[in-house]
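To start, the structure itself, in structure tokens.
For the numbers below, each heavy atom of this structure counts, side chains included, while hydrogens, waters and symmetry mates do not. Quantities reported herein were computed from a predicted structural model and do not represent experimental measurements.
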Amino acid sequence: MKHGKISSRILSLTAIAVIGAGLAACGGGASSSSGSGASAATTAKGPIKIWYSNNEFEVKWGKDMVAAWNAAHPDQQVDAQEIPAGKSSEEVIGAAITAGNAPCLVFNTAPVAVPQFQKQGGLSSAGFLPGRRTVHP
């Protein structure tokens, strides 16, 4: 059972780190293609919108992580929801990128779709965030 506690703790820390990393890409309209985008993104504040899977276990996990984040960061609240219905989550995400209303973070996508999201301009680098840490399992 100890392994489960450690895995849950690592997963929780990773989720909070991912949510935190997304803050810079969201709210302030920073662009990964401009030099000033990185600087502006580190101070950006604004609504933080995320989508998570519609799998019942991931929904519970997402709600728990959002509640933990919101409790710890009252000035930067996350608004989360299940990914909207569509033919596929990748289609929904691509349409949201094209429409300009994609969420800050998406926790449900196939890695094979990422290059297309990049071509659409739907990705932001979080590599410039100060104090970022890598969590290793």
- [ ] State whether a side-chain donor-acceptor pair under 3.5 Å links Q120 with T98.
- [x] yes

Task: Heavy-atom donor-acceptor pair, E90 side chain to A110 backbone, under 3.5 Å - done: yes

TODO: Would you check if the side chain of Q77 reaches a backbone N or O of N70 as a donor-acceptor pair within less than 3.5 Å?
DONE: yes

Task: Between SG on residue C104 and CD1 on residue I48, distance to nearest 0.5 Å - done: 6.5 Å

TODO: Give a yes or no answer on whether the side chain of D79 reaches the backbone of K49 with a donor-acceptor pair at less than 3.5 Å.
DONE: no

Task: For the student: nearest non-hydrogen atoms of T109 and S89, plus distance - done: CA-OG, 4.5 Å

Task: Heavy-atom pair with the smallest gap, counting every atom of A85 and V92 - done: O-CG2, 3.7 Å

Task: Separation of Q116 CD from I97 CD1 (nearest 0.5 Å) - done: 8.5 Å

TODO: Could you go through the side chain to side chain contact (heavy atoms under 4.5 Å, CB included) check for V106 and F117 one step at a time?
DONE: CA-CA 12 Å; V106 176; F117 300 153; over 6 Å; no

Task: Donor-acceptor contact below 3.5 Å, side chain W69 vs main chain Q76 - done: yes

Open item on the list: Given 3.5 Å as the limit, does a donor-acceptor pair link the side chain of E58 with the main chain of N54, or not?
Closed with: no

Open item on the list: Would you compute the distance between atom CD of E82 and atom CG of N55 and round it to the nearest 0.5 angstrom?
Closed with: 9.5 Å

Open item on the list: Show, in sequence, the C-alpha distance, side-chain angles and deciding distance for V59 and Y52, and conclude whether the side chain to side chain contact (heavy atoms under 4.5 Å, CB included) test is met.
Closed with: CA-CA 7 Å; V59 170; Y52 44 73; 4.0 Å; yes

Task: Stepwise side chain to side chain contact (heavy atoms under 4.5 Å, CB included) check, F107 with M65 - done: CA-CA 12 Å; F107 290 102; M65 291 301 101; over 6 Å; no

Task: Atom pair CD/CH2 of Q81 and W51 - distance to nearest 0.5 Å - done: 6.5 Å

